[in-house]
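Since we're looking at a predicted model, the values are computed, not measured. Just follow the structure's listing: the first ligand is 1, and inside any ligand the first atom is 1.
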Amino acid sequence: MAHPRIGIFGGTFNPVHEGHLKVAGACRKALGLDRIRFIPAGEPPLKTHNLAPAAHRLEMVRIAIHGIPEFEVDDREVRRDGPSYTLDTVNSLKAEQPDTRWTLILGLDAVLGLGAWHRPDALLRALPLAVLFRPGARFGQLKDLPQMAGIDFSPLFDCCGRDPEAPLHLTSGDGIHLILVPVTPCPESGTAIRKALAEGRPPLGLPPAVHDYITRNGLYT
Ligand code: ATP
């Protein structure tokens, strides 16, 4: 039997929005993954401002992906005590499902902040990393990260020799496998949605059922 191919999509999901759903779906198709597993952070070490309780963020993801068979949700980071380190999550998934081919999925903004993460060098060598385009940054900025020092970025700048809409695979000699995924730009962000809700304006890209949940539970007021 073929080994399942699953994308790990972590984040605060504070709250989950249409941007998450669109880029996760586009990445699944572009990389030929079977499923995308959304894993909300229980205690995100870096994003603590105006953070809704983890149980609510988990429930909003459940609501948002309901009825989409290629999407699933995993509550391990919410159940685990202490800071939610992605490397711990990846290691526990690999131990649990050794036959699955895992790919970590992160937005470009998150990858550019990798230096502040827990053991980024180990994380980069633990599994392939798909980097989703996000407005506000350029893929070319990745080459300035110290963690990416061993990667040959020249194919990224060779615009004649490749299809700019296809995923671009880049590797280092010592085990890093980056996949740059040029998804259609999505402007949604959790920060903008929380701001709109607090100011009583209509939020951009909030799924109606999630908006309903937020209103019923008095979140982000
Ligand atoms: P916030 O503004 O609260 O930081 P966010 O949506 O940027 O919200 P997360 O919920 O932590 O942050 O995002 C989860 C993952 O999805 C991250 O890897 C992030 O980079 C990515 N992501 C979020 N929104 C987009 C988007 N519009 N386009 C591409 N990637 C995105």
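Shown in contact with G10 at under 4.0 Å from a heavy atom are these atoms of ligand 1, numbered in order with element: 14 (C), 15 (C). Shown in contact with G11 at under 4.0 Å from a heavy atom are these atoms of ligand 1, numbered in order with element: 11 (O), 14 (C). Within ligand 1, the atoms closer than 4.0 Å to a non-hydrogen atom of L106 are 18 (O), numbered from 1 in the order shown. Near T191, meaning under 4.0 Å from any of its heavy atoms, are these atoms of ligand 1: 1 (P), 2 (O), 3 (O). Near F13, the atoms of ligand 1 lying under 4.0 angstrom from a non-hydrogen atom of the residue are 10 (O). Taking a cut-off of under 4.0 Å to the non-hydrogen atoms of A110, the atoms of ligand 1 that pass are 18 (O), 20 (O). The atoms of ligand 1 that sit less than 4.0 Å from any heavy atom of F9 are 15 (C), 16 (O). The contact set between ligand 1 and V23, taken as ligand atoms under 4.0 Å from a residue heavy atom, comprises 28 (N), 29 (C).
The number of heavy-atom neighbours closer than 6.0 Å to NE2 of H118, taken from other residues, nucleotides and ligands shown, is above 12. A 6.0 Å sphere centred on CZ of R125 holds more than 12 heavy atoms belonging to other residues, nucleotides or ligands.
Of the candidates R194, R134, H20, it is R134 that places a heavy atom closest to atom 7 (O) of ligand 1. Between the choices P40, G190, G19, the shortest heavy-atom distance to atom 8 (O) of ligand 1 belongs to G190.
Applying the side chain to side chain donor-acceptor pair (under 3.5 Å) test between E188 and each of H17, H20, K22 identifies K22 as the sole match.
Residues that satisfy the side-chain hydrogen bond (donor to acceptor under 3.5 Å, both in side chains) test with D121, not counting sequence neighbours, are absent from this structure. Shown here are the salt bridge (charged side-chain N to carboxylate O under 4.0 Å, His left out) partners of D212, two or more places apart in sequence or in another chain: R216.
Residues T89 and R80 bring a donor and an acceptor atom of their side chains to less than 3.5 Å of each other.
Remark: ligand 1 and I105 share no N or O pair separated by less than 3.5 Å (distance only, no angle test). Checked against a 3.5 angstrom limit, the closest N/O atoms of C186 and ligand 1 fall inside it.
Heavy-atom separations between H17 and ligand 1 include at least one value shorter than 4.0 Å. Remark: distances from the non-hydrogen atoms of P44 to ligand 1 are all 4.0 Å or more.
Contacts of T12 with ligand 1, taken as heavy-atom pairs under 4.0 Å, involve both backbone and side chain. Of all the heavy atoms of D109, the ones lying under 4.0 Å from any atom of ligand 1 belong exclusively to the side chain. Here F133 has backbone heavy atoms under 4.0 Å from ligand 1, and that is the only part of it that gets that close.
Between L124 and M148 there is a side-chain heavy-atom pair separated by less than 4.5 Å. Side-chain atoms of V131 and V181, non-hydrogen and from C-beta on, never get closer than 4.5 Å to each other.
The two residues L145 and L112 come nearest to each other via the heavy atoms CD2-O, 3.6 Å. The heavy-atom pair separating N14 from A52 by the smallest distance is OD1-N, 3.1 Å.
Atom CD of E59 and atom CG of N217 lie 9.0 Å apart (nearest 0.5 Å).
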